[in-house]
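Note that these values count all heavy atoms, side chains included, but never hydrogens, waters or copies made by symmetry. Read the numbers this way: they start at 1 and go in the same order the structure lists the ligands and their atoms. Start at 1 with the first residue, then count along the sequence.
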Amino acid sequence: MLPLSRFAELHTPFYYYDLDVLNRTLNCVKSLAQARDYRVHYAIKANSNPVILKHIAGSGLGADLVSGGELKVALEAGFDPSKMMFAGVGKTDEEISLALKHHIACFNVESVPELQVIDSLAREMNTIAPVALRVNPDIDAHTHAYITTATAHNKFGIAIEDLPQVVEQTQRLPNLRLMGLHFHLGSQITIMEPFQMLCHRVNELLTYFEDHGVHFTMMDMGGGLGIDYSQPESMAPFEQFFDVFSQNLNLRQGQQLHFELGRALVAQCGSLISRVVFVKENRDKKFVILDAGMTQLIRPALYQAHHKIENLTAKVDDVTDTYDVVGPVCESSDVFAHDEMLPVTHRGDVFAIRSAGAYGESMASHYNMRELPLSQFSR
Ligand SMILES: *Cc1c(COP(=O)(O)O)cnc(C)c1O
């Protein structure tokens with residue numbers, strides 16, 4: 001539970017991370033993955049707080065990167081470059097060179113121009129770049145439009161129909177080594193069907209390329225496993241998720257299966273702790289105005305996400321009322337929840353916005369010249 005007495009003297013807002021919840025999650029994933037010989041890479045962008053990163057690196061997971069900046073923080077946190085994958089549609093020459101210098105495990109490549117640039121930079125550095133091709137499998141993950149990444153309409157990956165030709169082009173580039181294929185369906189996926197469809201798509205591709213004499217050593221299924229935002233601290237359905245792949249995917253001899261999990265690893269260990277600045281009444285509405293806003297946690301404003309909200313100061317048997325819980329930022333979208341039933345709330349009450357460990361602190365901004373959130377840890 002959240003230690004309200006510890007929060008009382010602290011300057012708000014801040015992120016509070018429960019490292020027991022994090023460790024429990026990491027141990028669960030590690031044992032399930034080890035039993036199946038799967039490799040798991042943590043998607044750094046979900047939360048790049050240095051203490052969180054150190055814990056995850058210490059647990060032995062690899063890292064999934066989307067920028068040179070993430071490569072730098074991952075190195076500082078102690079992640080092993082031989083367990084780093086680098087994704088992203090717009091890797092700059094500088095970022096590619098930095099990753100080549102550190103001999104990362106694999107570039108997940110999203111276009112032909114990118115292949116050509118990685119090949120020529122690797123040649124200049126007299127090295128061979130390991131690459132996987134990010135395929136757009138055209139599967140609708142049934143999640144929010146802004147976090148679906150694998151339908152034909154969005155910018156990510158190489159279209160399936162172009163893949164045979166791109167594989168040939170890759171094989172002709174002398175400073176690239178083609179390791180395999182990479183997929184990533186989107187984020188906050190809470191049903192297993194999209195992952196099952198992905199397995200079937202991958203099976204078709206493996207058969208096709210086997211028939212054409214192409215052998216892959218690595219298949220990277222990406223991340224996207226969702227969590228239950230209505231149950232703070234609950235575990236993501238990792239076993240169900242991994243079982244989908246062990247039951248549906250026909251891997252060939254010598255093929256290594258990789259995953260890139262972000263949210264499911266860190267979301268439940270974090271809470272955003274904030275104080276009530278004012279309680280305000282308009283004609284037919286009551287507002288709780290917090291000292292945290294979309295600059296600390298943008299998910300509600302950006303993805304219409306709902307986080308569980310708790311008034312930590314209130315007593316269990318306090319009478320309730322209905323409030324819109326909002327931030328102080330000058331944007332109408334700076335709302336954490338509409339018509340939330342809460343104990344009767346007063347100026348100065350301490351609030352927790354739960355399950356905020358993923359895409360919370362890492363997406364914080366200075367907008368309105370606000371300070372970036374601080375962080376506190378359970379020990
Ligand atoms: C963001 C991202 C992930 C992690 O997604 P989650 O939904 O946090 O699991 C994995 N792979 C790639 C390529 C990504 O961009």
Side-chain angles (χ1 to χ4, degrees), residues 22 25-26 29 33 38-49 52-53 56 61-67 69-71 74 79 83-91 95 99 104-111 114 131-137 139 141-151 154-158 180-192 194-195 198 218-229 235-238 241-242 244-245 257-270 298-299 302-303 305 355-363:
L22 177 61
T25 311
L26 293 172
V29 167
Y38 295 165
R39 304 292 137 102
V40 177
H41 302 260
Y42 167 61
I44 302 280
K45 73 176 186 288
N47 188 320
S48 37
N49 181 293
I52 300 286
L53 289 187
I56 299 176
L61 298 193
D64 175 54
L65 318 167
V66 293
S67 75
E70 287 192 355
L71 172 57
F79 283 96
K83 294 184 194 168
M84 289 183 189
M85 322 289 258
F86 189 1
V89 292
K91 303 175 189 75
E95 290 174 318
I104 64 159
C106 197
F107 291 87
N108 290 336
V109 177
E110 309 229 7
S111 66
E114 184 189 335
V131 298
L133 299 175
R134 176 166 181 178
V135 182
N136 182 333
I139 292 171
H142 298 286
T143 182
H144 190 276
Y146 286 2
I147 47 179
T148 192
T149 57
T151 62
N154 60 55
K155 69 181 177 183
F156 297 103
I158 296 160
L181 303 178
H182 169 232
F183 307 84
H184 176 63
L185 293 183
S187 202
Q188 184 52 14
I189 301 168
T190 51
I191 51 175
M192 292 299 136
F195 298 116
L198 175 62
M218 186 204 72
M219 284 288 136
D220 185 342
M221 300 293 115
L225 179 63
I227 61 135
D228 185 352
Y229 279 95
M235 194 74 79
F238 292 113
F241 174 73
F242 287 131
V244 167
F245 296 90
L257 200 60
H258 291 247
F259 294 91
E260 304 163 345
L261 294 172
R263 183 193 313 270
L265 296 178
V266 292
Q268 296 290 28
C269 75
I298 202 176
R299 298 190 64 258
L302 191 57
Y303 313 122
S355 311
Y359 306 105
E361 190 179 353
S362 64
M363 292 179 96

For Ser355, what residues pass the side chain to side chain donor-acceptor pair (under 3.5 Å) criterion, not counting sequence neighbours?
-> Gln268
In ligand 1, the atoms that come under 4.0 Å of a heavy atom of Ala87 are 13 (C)
Quick one: ring-ring contact (aromatic ring centres under 6.0 Å, His included) partners of Phe183, sequence neighbours excluded?
-> none
Among His182, His184, His41, whose side-chain hydrogen bond (donor to acceptor under 3.5 Å, both in side chains) with Glu260 holds?
-> His182
Atoms of ligand 1, numbered as shown, that sit under 4.0 Å from any heavy atom of Ser187 = 6 (P), 7 (O), 8 (O)
Counting heavy atoms only, name the option from Gly157, Gly224, Ala267 that's nearest to atom 9 (O) of ligand 1.
-> Gly224
In Å and rounded to the nearest 0.5 Å, what is the CE to SG distance from Met85 to Cys106?
-> 5.0 Å
Smallest heavy-atom separation, Val266 atom then Ala358 atom, equals CG2-CB, 3.8 Å
Atom 11 (N) of ligand 1: the protein heavy-atom neighbour that sits closest, reported with distance to 0.1 Å | Glu260 OE1, 2.6 Å
Can the positive tip of Lys91 be found less than 6.0 Å from the middle of the six-membered ring of Phe86, inside 45° of the ring normal?
-> yes
Note: ligand 1 atoms sitting under 4.0 Å from heavy atoms of Tyr359 are 1 (C), 4 (C), 5 (O), 6 (P), 8 (O)
The answer for which part of His184 has a heavy atom under 4.0 Å from ligand 1 is side chain
Using ring pair (Phe, Tyr, Trp, His ring centres under 6.0 Å) as the criterion, point out the one residue from Phe241, Phe238, Phe245, Phe259 that pairs with Tyr38.
-> Phe259
Proximal ligand 1 atoms for Ala43, defined as those under 4.0 Å from one of its heavy atoms = 3 (C), 4 (C)
Between Ile189 and ligand 1, find which residue part has any heavy-atom pair under 4.0 Å and reply side chain, backbone, both or neither.
-> neither
Are any of the N/O atoms in His182 less than 3.5 Å from those in ligand 1?
-> no
Sidechain-backbone polar pair: Tyr359 side chain, Ile298 backbone, donor-acceptor under 3.5 Å = no
Provide, to 0.1 Å, the distance between atom 2 (C) of ligand 1 and the closest protein heavy atom, together with that atom's residue and name.
-> Lys45 NZ, 2.3 Å
Going by the order shown, which atoms of ligand 1 are within less than 4.0 Å of some heavy atom of Arg263?
-> 6 (P), 8 (O), 9 (O)
